[in-house]
Amino acid sequence: MRSSEPDQTRPLHDALRRLIKAPAALSVLWPALMIVGGYVSWHQWGAEHVVGPYQGVAVEQIHISPPPPFVRSDIVKSVYRDTAMEGLSLMDRQATAKIASAFSMHPWVRSVTSVRKLSGGIVDVRLDYRRPVAMVQVYRSVDGVRDRFFFPVDGQSVLLPTSEFTRSETAQFIHIDVPGADSANAEGMPFGDTRVAAAAILAEALAPIREQTGVVGISVTGDPRRVQVPQLELTMQNNARHYWGSPPGMELPGEASAEMKLRALMATDRTKSSDLTVARAPAR
């Protein structure tokens with residue numbers, strides 16, 4: 001005759017066995033459930049929260065180097081508008097290169113030194129700005145009347161925005177007077193005349209001492225058919241003239257260097273005309 005004890009205790013053994021095995025199964029199941037749940041949550045909420053600021057670029061997110069006082073226009077808004085930057089995603093691997101290219105086309109920007117993507121979708125753009133050194137005089141006929149216009153340029157003869165200078169400010173710069181000079185090039189492009197380019201190089205060298213020396217104008221002198229390098233002349237506030245000769249870095253054989261000319265200009269009687277091409281280094 002079989003004992004009834006095993007039948008009575010079996011349910012208890014089965015229950016205990018299930019409890020013992022349950023943690024082992026859950027140790028595999030729970031991590032899997034957490035991974036799946038995290039994946040779904042990321043795609044529904046997390047990705048949108050974290051990636052959202054980087055999906056596009058707002059004009060408020062772009063920070064640039066502080067422009068110098070003579071730059072009155074809003075460079076960020078101008079570049080943002082003209083290059084359709086609102087469609088750019090910071091997730092794009094070429095985003096920083098595209099932003100650098102966009103800012104490099106602005107006429108006030110000499111070069112873009114760096115572009116960095118910061119937290120929160122902020123874009124930090126470091127810029128090197130162009131500096132005006134002279135105004136190029138251009139004579140044009142408007143409605144049958146011949147009038148004089150001024151075009152600001154930097155030391156590389158690059159055209160700068162004309163609308164950002166008042167009449168009084170225009171008078172404070174060195175004026176470049178080249179007969180027949182004119183340009184149809186856009187702002188941010190070189191003026192397009194080798195004579196103007198030579199005068200702009202000299203204007204940049206003279207800019208730090210312009211007020212002290214009283215230089216008001218640079219003109220081209222001599223016959224360009226005889227000398228390939230433009231020959232320049234300075235006009236002073238008292239109308240005295242100083243023959244400068246070749247622009248800095250382009251001196252002819254036997255001609256004084258730009259440094260010697262600058263020293264001579266500072267030391268000479270600027271009320272009387274002189275020839276700076278024969279300037280000599282001071283004796284030691």
Side-chain angles (χ1 to χ4, degrees), residues 59 62-83 85 96-116 123-138 149-178 181-213 215-220 230 232 234 244 247-250 258 262:
V59 65
I62 303 174
H63 299 171
I64 64 173
S65 306
F70 49 78
V71 177
R72 277 73 181 265
S73 58
D74 192 321
I75 294 178
V76 173
K77 288 185 178 180
S78 176
V79 172
Y80 192 87
R81 179 189 66 245
D82 297 341
T83 60
M85 197 176 292
T96 55
K98 292 177 180 178
I99 293 172
S101 177
F103 275 93
S104 67
M105 292 186 292
H106 194 279
W108 274 123
V109 176
R110 183 186 184 100
S111 65
V112 180
T113 58
S114 69
V115 177
R116 297 184 299 159
V123 180
D124 181 72
V125 185
R126 300 292 92 187
L127 303 175
D128 180 22
Y129 296 98
R130 298 187 185 278
R131 293 186 174 274
V133 297
M135 296 282 174
V136 183
Q137 297 182 158
V138 172
F149 300 85
F150 293 95
F151 292 84
V153 294
D154 71 351
Q156 297 175 315
S157 76
V158 172
L159 289 162
L160 302 175
T162 58
S163 60
E164 300 190 31
F165 295 91
T166 64
R167 185 182 296 272
S168 60
E169 289 172 335
T170 298
Q172 295 173 6
F173 285 92
I174 294 174
H175 291 178
I176 295 176
D177 186 12
V178 176
D182 200 348
S183 179
N185 293 338
E187 295 173 353
M189 299 294 293
F191 189 90
D193 189 307
T194 56
R195 300 169 300 171
V196 172
I201 295 173
L202 176 54
E204 185 172 41
L206 292 169
I209 60 172
R210 180 191 62 81
E211 293 185 4
Q212 184 177 358
T213 57
V215 178
V216 296
I218 301 174
S219 58
V220 177
L232 307 174
L234 306 180
W244 179 275
M250 303 174 65
L262 288 173

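Everything numeric here is computed off the predicted structure, so don't read it as measured data. Heads up: numbering here begins at 1 and tracks the sequence.
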| remark: Sequence neighbours excluded, the answer for side chain to side chain donor-acceptor pair (under 3.5 Å) partners of Asp182 is Arg140

| field | Partner set under side chain to side chain donor-acceptor pair (under 3.5 Å) for Lys77, not counting sequence neighbours | value | none

| said: Can you confirm whether Leu232 sits close enough to Val220 that some side-chain heavy atom of one is under 4.5 Å from a side-chain heavy atom of the other? | reply: yes

With no hydrogens and no angle check, is any side-chain donor or acceptor of [X] less than 3.5 Å from a backbone partner on [Y]?
| X | Y | answer |
| --- | --- | --- |
| Gln212 | Ile209 | no |
| Ser157 | Pro190 | no |
| Ser101 | Lys98 | no |

Residue list, side chain to side chain contact (heavy atoms under 4.5 Å, CB included) with [X], at least two apart or on another chain:
| X | result |
| --- | --- |
| Ser183 | Leu159, Asn185, Phe191 |
| Ile201 | Pro248 |
| Thr162 | Phe151, Pro152, Glu187 |
| Val158 | Arg130, Asp154, Gln156 |

| Taking it one step at a time, do Val109 and Asp128 satisfy side chain to side chain contact (heavy atoms under 4.5 Å, CB included)? | CA-CA 6 Å; Val109 176; Asp128 180 22; over 6 Å; no

| task | Just do the side chain to side chain contact (heavy atoms under 4.5 Å, CB included) check on Leu127 and Val112 with the steps written out, would you? | result | CA-CA 5 Å; Leu127 303 175; Val112 180; 3.8 Å; yes

| said: Applying side chain to side chain contact (heavy atoms under 4.5 Å, CB included) to Met85 and Ile62, what does each step give before you reach the verdict? | reply: CA-CA 11 Å; Met85 197 176 292; Ile62 303 174; 3.4 Å; yes

What are the two closest heavy atoms between [X] and [Y], and how far apart are they?
| X | Y | value |
| --- | --- | --- |
| Glu164 | Phe70 | OE1-O, 3.7 Å |
| Ala200 | Val133 | O-CG2, 4.0 Å |
| Ile176 | Ala134 | CD1-CB, 3.7 Å |
| Ala181 | Val196 | CB-CG2, 4.1 Å |
| Ile75 | His106 | CG1-CE1, 3.9 Å |

Say you draw a straight line from [atom1] of [X] to [atom2] of [Y]; how long is it, rounded to the nearest 0.5 Å?
| X | Y | atom1 | atom2 | value |
| --- | --- | --- | --- | --- |
| Met135 | Ile174 | CE | CD1 | 11.5 Å |
| Trp244 | Ser219 | CH2 | OG | 13.5 Å |
| Asp124 | Ser65 | CG | OG | 7.0 Å |
| Tyr129 | Ile64 | OH | CD1 | 3.5 Å |
| Thr213 | Leu206 | OG1 | CG | 6.5 Å |
| Ile218 | Gln137 | CD1 | CD | 11.5 Å |

| field | side chain to side chain contact (heavy atoms under 4.5 Å, CB included) evaluation trace for Ile99 with Val125 | value | CA-CA 8 Å; Ile99 293 172; Val125 185; 4.0 Å; yes

| message | So for atom CZ, which belongs to Arg126, do other residues, nucleotides or ligands contribute more than 12 heavy atoms lying within a distance under 6.0 Å? | response | yes

| field | More than 12 heavy atoms of other groups within 6.0 Å of Arg72 CZ | value | yes

| query | Should the pair Phe173 and Phe165 be assigned to parallel (<30°), tilted (30 to 60°) or perpendicular (>60°) ring geometry? | reply | perpendicular

